[in-house]
Peer 1: 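Take a look at this one; I'll ask things after.
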Amino acid sequence: MEERVYERGGVGLRALLWPGESERLPVVFLPGFLGPPEAYRAEARALAPHPVAALGLRGSPGCRAPERGWTLLDFLADLVFLLEHLAIPPFLLSAYSSNVPLALAYAAGYPARVRGLVLIDHPPRLRRPGAGWAARVRAARPGLPEAALWGIQSEFGPFDAGPLLSRVRAPVLLLRGNPERGGLLDEGEAEAMRAALPNARVVAFPESGHEVWDPDPGAYLEALKGFVAELEGGR
């Protein structure tokens, strides 16, 4: 594994890279909200010899939190910057949780770069954080940087990637957990996304909540590996 650290406008960004065979389809992982790229070691092992990258955007562990710059467009600019500097050939992009709308925005804006999308357990929209949001998240996840939470609460506006779905040209795999166990993407919304996307299908994990790999990481990894194999077979 190789770590690369970049600076964009005073903001530190990170990428963890697991090298692979150059002719294989690269896979890029975008963690959930302020999540660490280190969370993707199991995926990197399972996907070898595919090249794998996991990204850390502003405010995630090891990345500096700026005083200002917490809109979705700021996060999108981080993502564009990292992918340009990493110079990864057209890739599969996998996004978890609240970064699903961010991945959709990227795929709609850069269709030639994205060979496929894996979108995990989140609808295409984000709400504006309400009063007290930063304090609640800080209490639940004390490791998150306080500056990032307060910055997001004050600057982040609502965003709906729904109108962008028809512009996504890459095949899409939607993975959803069970709302009764804490999943955030229910059957109706998953079906609406599937219908609006030009080429998508849904896989449900009825025993899982929001973390679709729990309690059966093997089922999640098999779904991911199977989709990668399909994309590679269709090139």
Side-chain angles (χ1 to χ4, degrees), residues 27-35 39-40 42-43 57 71-72 75-76 79 92-108 114 116-134 136-137 139-141 144 149 152-153 156-228 230-231:
V27 181
V28 176
F29 288 98
L30 192 54
F33 176 66
L34 301 182
Y40 290 94
E43 286 87 340
L57 307 183
T71 69
L72 184 124
F75 285 99
L76 180 59
L79 180 58
L92 166 68
L93 178 60
S94 175
Y96 173 54
S97 192
S98 58
N99 272 333
V100 163
L102 177 61
L104 285 166
Y106 181 87
V114 180
L117 278 173
V118 176
L119 305 177
I120 304 177
D121 204 56
H122 201 283
R125 65 186 177 279
L126 293 166
R127 296 185 178 91
R128 181 181 181 87
W133 174 86
R136 290 193 301 272
V137 175
R141 298 174 62 185
L144 293 179
L149 298 178
I152 290 169
Q153 179 170 297
F156 201 95
F159 177 79
D160 186 1
L164 303 177
L165 297 181
S166 63
R167 293 168 48 190
V168 175
R169 294 290 170 252
V172 178
L173 178 64
L174 292 164
L175 305 181
R176 72 173 191 89
N178 184 344
E180 295 182 359
R181 297 177 181 266
L184 298 184
L185 182 64
D186 65 32
E187 183 177 4
E189 189 133 45
E191 180 57 26
M193 291 176 70
R194 187 205 62 76
L197 289 159
N199 184 2
R201 71 173 184 269
V202 181
V203 174
F205 294 80
E207 301 303 316
S208 301
H210 187 43
E211 296 179 340
V212 298
W213 47 85
D214 182 18
D216 187 356
Y220 155 70
L221 292 173
E222 285 304 311
L224 177 63
K225 289 164 60 178
F227 190 57
V228 170
E230 287 179 26
L231 293 177

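Just so you know, these numbers use all the heavy atoms, side chains as well, and skip hydrogens, waters and symmetry mates.
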Peer 1: Any heavy-atom pair between the side chains of S94 and I120 that's under 4.5 Å?
Peer 2: yes
Peer 1: I'd like to check R181 versus S208 (side-chain heavy atoms, cut-off strictly below 4.5 Å). Are they in contact?
Peer 2: no
Peer 1: Applying side chain to side chain contact (heavy atoms under 4.5 Å, CB included) to D216 and F205, what does each step give before you reach the verdict?
Peer 2: CA-CA 9 Å; D216 187 356; F205 294 80; over 6 Å; no
Peer 1: Hey, are the side chains of F159 and L102 touching, using non-hydrogen atoms and a 4.5 Å cut-off?
Peer 2: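 No. Closest side-chain heavy atoms not under 4.5 Å.
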Peer 1: Quick check: do S97 and D121 have side-chain heavy atoms less than 4.5 Å from each other?
Peer 2: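 Answer no - side chains too far apart.
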Peer 1: Checking side chain to side chain contact (heavy atoms under 4.5 Å, CB included) for the pair I152/V137: CA distance, chi angles, key distance, verdict?
Peer 2: CA-CA 11 Å; I152 290 169; V137 175; over 6 Å; no
Peer 1: Can you give me the closest heavy-atom contact between V202 and A190, atom names plus distance?
Peer 2: CG2-O, 3.9 Å
Peer 1: Let's go through E189 and R125 carefully: what are the C-alpha distance in whole Å and the side-chain angles of both, what is the deciding distance for salt bridge (charged side-chain N to carboxylate O under 4.0 Å, His left out) to 0.1 Å, and is it a yes or a no?
Peer 2: CA-CA 11 Å; E189 189 133 45; R125 65 186 177 279; 2.3 Å; yes
Peer 1: Can you list the steps and then say if L92 with V228 is a side chain to side chain contact (heavy atoms under 4.5 Å, CB included)?
Peer 2: CA-CA 8 Å; L92 166 68; V228 170; 3.4 Å; yes
Peer 1: Evaluate the salt bridge (charged side-chain N to carboxylate O under 4.0 Å, His left out) criterion for residues E191 and R176: first the C-alpha distance (whole Å), next the side-chain angles of each, then the deciding distance (0.1 Å), finally the verdict.
Peer 2: CA-CA 11 Å; E191 180 57 26; R176 72 173 191 89; over 6 Å; no
Peer 1: Is any side-chain heavy atom of L175 less than 4.5 Å from a side-chain heavy atom of V118?
Peer 2: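 Of all side-chain heavy-atom pairs linking V118 with L175, at least one is under 4.5 Å.
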Peer 1: Checking Y220 against E43: is there a side-chain donor and acceptor pair closer than 3.5 Å?
Peer 2: yes
Peer 1: Using a 4.5 Å cut-off on heavy atoms from C-beta on, say whether the side chain of V168 contacts that of L117.
Peer 2: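 Of all side-chain heavy-atom pairs linking V168 with L117, at least one is under 4.5 Å.
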Peer 1: Establish, yes or no, whether a centroid distance under 6.0 Å links the rings of Y40 and W213.
Peer 2: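 Ring centres of W213 and Y40 not closer than 6.0 Å.
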Peer 1: Decide yes or no for F227 and E222: does some side-chain heavy atom of the first lie under 4.5 Å from some side-chain heavy atom of the second?
Peer 2: no
Peer 1: Flag the pair Y96 / H122 as yes when their ring centroid distance falls below 6.0 Å, and as no otherwise.
Peer 2: no
Peer 1: Can you tell if the side chain of R128 reaches within under 4.5 Å of the side chain of P158, non-hydrogen atoms only?
Peer 2: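 Side chain of R128 against side chain of P158, heavy atoms only: contact under 4.5 Å found.
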Peer 1: Between Y106 and L76, is the side chain to side chain contact (heavy atoms under 4.5 Å, CB included) condition met? List the steps.
Peer 2: CA-CA 7 Å; Y106 181 87; L76 180 59; 4.1 Å; yes
